[in-house]
There are 2 protein chains.
Amino acid sequence: MQDASIEKNYRAYLAGNGMLFTKERAVILSSVLSREDHFSADDLLFHMRQEGLEVSRATLYRNLKLLSQANLLVEVDFGHGHIHYEKCIGTAPHEHLVCKACGTVIEVNTSKFSEAVEKVATQAGFMVDHHQLKIFGTCQKCQAGKAEKTNP
Amino acid sequence: MQDASIEKNYRAYLAGNGMLFTKERAVILSSVLSREDHFSADDLLFHMRQEGLEVSRATLYRNLKLLSQANLLVEVDFGHGHIHYEKCIGTAPHEHLVCKACGTVIEVNTSKFSEAVEKVATQAGFMVDHHQLKIFGTCQKCQAGKAEKTNP
DNA sequence: TTAAGTGCAAACCTTTTGCACACCC
DNA sequence: GGGTGTGCAAAAGGTTTGCACTTAA
């Protein structure tokens, strides 16, 4: 889906819920759509400020929550002490490998799990919205003892 | 594994790292081992106090982290704003279904995923320690519209 | 004896909230 | 115009930390 049509959908979502499409929402939406990685609220704020786009921290948090509710973002937690966000649209289904030694998050493209997830949940009468598989362990670099600690 | 032998292992782990086996550590270990569910630091503290077992909050946090490092606990995050802990030993492999409406966490016993997880990770040169699959959606009760909001 | 651990209280950090003002439709 | 959103600053809530005191080995 193109960004323009995502914005159109978002406007419709907002209107349908009696909410306004403000300039702050426009700016936040386009900043979010421009990111390919997973990011924290702080990351995003930092990058927005670098580009001269000013929104308050409170507004950003309020809107990240809203975008999650609108299914444009998912919240992910890598145990780094804060929430990470990830675009839903234009992102291939993938899972995360989290290195306990250096903190790196590796994405693995796979759709194998999705059907298994669906099956298991359905057996419990559960209606699936989305899932998160996180695999914790040690990345290749750290196994070789040559990674520098990053803390994304 | 019996609790006694777990304690023995833990003592060995501590000794091997130049750490002491204090009475606080003994009390926390046995409290943790007595729990079958997932619990927050605060849950545990509350229950310990009900049983007249006093440790300070700081000590509890320090020791929960230590128990995780010793692979006796895993940290899980259900997006409830705080970490949950879960015993590693004596717990069947299972995954979590988290209801977005009422917050309930349902456990689903399955070992199907483990081999798939292993395979995917190995292809990325990743050494698996443990994994967490969380499935977000709506539980049966909430689909029927008859759940009262709990926030575990 | 002495290095390691504990308790306390204060600090931290991310996220949320109350309120007055601003803005979208 | 009227209700929705924003910014600010303060609060909240879970978790961590500095420091003096205690304790295991």
Side-chain angles (χ1 to χ4, degrees), chain A residues 7-8 10-29 31 38-49 52-70 73-85 103 151-152, chain B residues 7-8 10-29 31 38-49 52-70 73-85 103 151-152:
Chain A
E7 185 186 306
K8 204 168 132 193
Y10 189 42
R11 292 178 105 115
Y13 173 87
L14 291 172
N17 290 281
M19 294 172 170
L20 311 176
F21 187 75
T22 60
K23 58 180 181 306
E24 288 82 0
R25 286 190 177 152
V27 163
I28 293 171
L29 177 63
S31 296
H38 21 71
F39 53 88
S40 67
D42 215 54
D43 284 340
L44 186 59
L45 196 58
F46 179 76
H47 283 112
M48 290 177 71
R49 286 185 175 162
L53 305 171
E54 284 294 328
V55 287
S56 75
R57 193 173 288 275
T59 296
L60 184 58
Y61 275 108
R62 284 188 275 237
N63 279 284
L64 287 172
K65 179 144 289 175
L66 185 58
L67 287 164
S68 302
Q69 284 161 4
L73 285 182
V74 263
E75 303 184 346
V76 211
D77 187 288
F78 298 126
H80 292 340
H82 49 250
I83 300 173
H84 277 85
Y85 298 87
N151 220 5
Chain B
E7 185 185 306
K8 204 167 131 193
Y10 189 42
R11 291 178 106 113
Y13 173 87
L14 292 171
N17 290 281
M19 295 172 170
L20 311 177
F21 186 75
T22 61
K23 59 180 182 305
E24 288 82 1
R25 286 190 177 153
V27 163
I28 292 171
L29 178 63
S31 296
H38 21 73
F39 53 88
S40 65
D42 216 54
D43 285 339
L44 186 61
L45 195 58
F46 179 75
H47 283 112
M48 289 178 71
R49 287 186 175 161
L53 306 172
E54 285 294 328
V55 287
S56 74
R57 194 173 288 275
T59 295
L60 184 58
Y61 275 107
R62 285 187 274 237
N63 279 285
L64 288 172
K65 180 144 289 175
L66 184 57
L67 287 163
S68 302
Q69 284 161 4
L73 286 181
V74 262
E75 303 184 346
V76 211
D77 187 289
F78 299 126
H80 292 163
H82 49 251
I83 300 174
H84 276 85
Y85 298 87
N151 220 6

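Chain A is the first sequence line, chain B the second, and so forth, proteins listed ahead of strands; every chain is numbered from 1. Fair warning: this is a prediction, and the values are worked out from it, not measured in the lab.
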- Query: Does A:Arg25 reach the main-chain N or O of A:Leu20 with its side chain, forming a donor-acceptor pair under 3.5 Å?
  - Reply: yes
- Counting side-chain heavy atoms from C-beta on, which of D:dA25, C:dC8, D:dT4 comes nearest to B:Leu20? D:dA25
- Query: Between D:dT15 and B:Arg62, is there an OP1 or OP2 to side-chain N/O distance shorter than 4.0 Å?
  - Reply: no
- Query: Looking only at side-chain N and O atoms, does B:Tyr61 come under 4.0 Å of OP1 or OP2 in D:dT15?
  - Reply: yes
- Provide, to the nearest angstrom, the distance between the CG atom belonging to A:Leu44 and the P atom belonging to C:dT15. 12 Å
- Rounded distance (Å) that lies between atom P of C:dT15 and atom NE2 of B:His82: 15 Å
- Specify the separation, in whole Å, of atom CD1 of A:Ile28 and atom P of D:dG7. 8 Å
- Task: Please state how far atom NE2 in B:His80 lies from atom C1' in D:dA12, giving the value in whole angstrom units.
- Result: 19 Å
- Rounded to whole Å, the CG-P distance (B:Leu66 to C:dA4) equals 14 Å
- Query: Do the side-chain N or O atoms of A:Thr22 get closer than 4.0 angstrom to the phosphate oxygens (OP1, OP2) of D:dT6?
  - Reply: yes
- Between B:Ile83 (CD1) and D:dG13 (C1'), how many Å, whole number? 13 Å
- Message: Please report the distance, rounded to the nearest Å, between CG in A:Asp42 and P in C:dT16.
- Response: 14 Å
- Item | Short side-chain N/O contact from B:Arg57 to OP1 or OP2 of C:dG7, under 4.0 Å | no
- Task: Anything under 30° is parallel, anything over 60° is perpendicular, the rest tilted; go ahead and classify A:His82 against A:His84.
- Result: tilted
- Closest non-hydrogen atom pair, B:Tyr13 against B:Asn17: O-ND2, 2.7 Å
- Query: Under a 4.5 Å cut-off applied to non-hydrogen side-chain atoms, are B:Phe39 and B:Leu73 in contact?
  - Reply: yes
- Message: Does a side-chain N or O of B:Lys23 approach OP1 or OP2 of C:dG5 to a distance below 4.0 Å, or not?
- Response: no
- Task: Using whole Å, report how far CG of A:Leu14 lies from P of D:dG5.
- Result: 8 Å
- Quick one: which of C:dT15, C:dC8, D:dC8 gets closest to the side chain of A:Ser56? D:dC8
- Message: Any non-hydrogen side-chain atom of A:Tyr85 less than 4.5 Å from a side-chain atom of A:Ser68?
- Response: yes
- Query: Quick one: is B:Asn63 getting a side-chain N or O under 4.0 Å of the C:dT6 phosphate, OP1 or OP2?
  - Reply: yes
- Message: Please determine whether a side-chain nitrogen or oxygen atom of A:Lys65 lies at a distance below 4.0 Å from atom OP1 or OP2 of C:dT16.
- Response: yes
- Note on the structure: Walking DNA chain D from its 5' end, the first of B:Ala41 and B:Glu24 to be reached, judged by nearest nucleotide, is B:Ala41
